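Quick caveat: nothing in here was measured; it's all calculated off a predicted structure. First listed ligand is number 1; within each ligand, the first listed atom is number 1.
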Amino acid sequence: MNPELQIYLNGELVPAHEAKVSVYDHGFLYGDGVFEGVRVYNRRIFRHDAHLERLYRSAKAIWLTPPMSMAEMKVATEKTVAANKIENGYIRAIFSRGFGDLGLDPRKCPTPTTVIIADAIKLYPPEVYEEGMDVITVATRRSRPDVLNPAIKSLNYLNNILAKIECIRAGVPECIMLNDQGMVSECSGDNIFIVHQDLRGRLELRTPPVSAGILEGITRDAVIQLAEKLGISVAEKDLSLFDIYNAKEAFLTGTAAEVVPVTRIDMREIGDGKPGPITGQLMQAYAELRNTEGEPVF
Ligand code: PMP
């Protein structure tokens with residue numbers, strides 16, 4: 001933690017060491033709340049509206065009424081980024097259910113807690129972007145959308161953390177999670193894409209659909225848009241492990257990760273074991289987009 005940082009807490013900017021939330025906050029007691037992770041590039045907040053919209057959709061899904069409008073939250077976030085002079089960094093925005101009692105009843109929490117942190121970010125090591133990442137499939141299944149929908153970016157990330165622990169123990173930085181049908185859903189904190197080649201040699205970019213039980217990633221959406229612009233055919237399709245292992249290329253997308261080539265899955269080489277040309281094209285297009293889109297906030 002950088003003690004110099006100013007944290008937005010319930011309407012005020014406070015020094016980081018004073019930014020404290022009660023142990024009775026249901027975000028802490030039950031993981032009852034929602035959040036977003038957003039990037040700042042060249043003083044611009046990347047796809048801020050899309051992140052705000054997802055935050056408010058997540059809040060709606062858990063019956064949490066944010067204590068301010070989306071427009072007010074946007075201003076508060078921009079103010080936090082500007083106050084900390086974050087030119088390139090990461091924003092964590094949180095609405096928790098708020099201070100309550102020891103029971104589950106959210107009616108005992110009259111006011112949601114709002115937190116906005118704007119700080120630096122650590123990426124995966126640079127080698128991963130040049131040489132590709134090694135990932136595994138983990139035993140932990142992604143939660144079923146009809147039980148606890150992965151589309152909700154809730155403060156309860158235990159499903160993802162259990163997967164993350166499995167891959168850390170296996171010595172790899174990220175993992176593929178299957179859904180209850182045994183099809184590919186997403187990674188512990190990223191979405192996944194492959195380049196599929198059909199029997200006639202035609203290439204198609206494929207990613208699991210939202211119905212596979214995924215968080216609908218903002219980076220995923222940006223990459224789909226870029227691929228369409230570049231004339232690469234894209235499809236949201238259910239993917240099996242067979243499809244993944246036989247992919248010509250694979251990569252992950254996420255706000256923190258950006259676009260990461262994947263060259264090994266479950267100890268199998270993907271394509272020729274090097275980051276592929278379509279992945280490279282999309283990495284470059286994404287880097288250009290994120291550096292130029294939007295207006296500086298300070
Ligand atoms: N899936 C999960 C489970 C995530 O936590 C994230 C990161 N927010 C993503 C996918 C990627 O989403 P985005 O591109 O919006 O960061």
J.: Using a 4.0 Å cutoff against the non-hydrogen atoms of N160, which atoms of ligand 1 qualify?
T.: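 Selected atoms, number and element: 3 (C).
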J.: Non-hydrogen atoms of G189 versus ligand 1: any pair closer than 4.0 Å?
T.: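 Judged by the 4.0 Å heavy-atom criterion, G189 does count as contacting ligand 1.
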J.: Using a heavy-atom cut-off of under 4.0 Å, does the side chain or the backbone of S188 touch ligand 1, or both, or neither?
T.: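 The answer is the backbone.
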J.: If you count the atoms of ligand 1 from 1 in the order shown, which ones are under 4.0 Å from a heavy atom of G254?
T.: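 Checking each atom against G254, I get 11 (C), 14 (O), 16 (O).
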J.: Is it the side chain (CB and beyond), the backbone, both or neither of E258 that lies under 4.0 Å from ligand 1, heavy atoms counted?
T.: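 Contact part for E258 vs ligand 1: neither.
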J.: Looking at ligand 1, does any of its N/O atoms fall within less than 3.5 Å of an N/O of T253?
T.: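 No, there is no polar N/O contact under 3.5 Å.
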J.: One residue to check: I214. Relative to ligand 1, which of side chain, backbone, both or neither has a non-hydrogen atom less than 4.0 Å away?
T.: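 I214 to ligand 1: no contact under 4.0 Å from either part.
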J.: Which ligand 1 atoms are under 4.0 Å away from a heavy-atom of T255?
T.: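 This gives 13 (P), 14 (O), 15 (O), 16 (O) as the contact atoms.
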J.: Yes or no: does R142 have any heavy atom under 4.0 Å from an atom of ligand 1?
T.: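 R142 counts as a contact of ligand 1 under the 4.0 Å cut-off.
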J.: How close does the nearest protein non-hydrogen atom get to atom 11 (C) of ligand 1, and which residue and atom is it?
T.: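 Minimum-distance protein heavy atom for atom 11 (C) of ligand 1 reads N191 OD1, 3.6 Å.
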J.: Below 30° counts as parallel, above 60° as perpendicular, anything between as tilted: where do the rings of Y129 and Y124 land?
T.: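 If you compare the ring of Y129 with that of Y124, the planes turn out tilted.
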J.: Report the C-alpha separation of R39 and E258 in whole Å, then their side-chain angles, then the decisive distance to 0.1 Å, and conclude whether the salt bridge (Lys or Arg N to Asp or Glu O under 4.0 Å) test is met.
T.: CA-CA 10 Å; R39 286 292 282 269; E258 305 182 313; 3.7 Å; yes
J.: Please state which option from E186, R54, K153 has its nearest heavy atom closest to atom 8 (N) of ligand 1.
T.: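 When every heavy atom of E186, R54, K153 is considered, K153 comes closest to atom 8 (N) of ligand 1.
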J.: What is the closest protein heavy atom to atom 5 (O) of ligand 1, and at what distance does it sit?
T.: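 Closest protein heavy atom to atom 5 (O) of ligand 1: Y157 OH, 2.5 Å.
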J.: Could you pull out, from N159, T219, I192, the option with a heavy atom nearest to atom 14 (O) of ligand 1?
T.: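 Minimum heavy-atom distance to atom 14 (O) of ligand 1 goes to T219.
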J.: Please lay out, stage by stage, how I116 and M73 fare under the test side-chain contact (heavy atoms from CB on, under 4.5 Å).
T.: CA-CA 9 Å; I116 306 167; M73 185 62 177; 3.8 Å; yes
J.: Identify, by atom number and element, the atoms of ligand 1 in contact range of G217, meaning under 4.0 Å from any of its heavy atoms.
T.: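 Counting atoms of ligand 1 from 1, those under 4.0 Å from G217 are 12 (O), 13 (P), 14 (O), 15 (O).
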J.: Above 12 or not: heavy atoms from other molecules or residues under 6.0 Å from CD of E12?
T.: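 Atom CD in E12 is not packed in, count stays at 12 or less.
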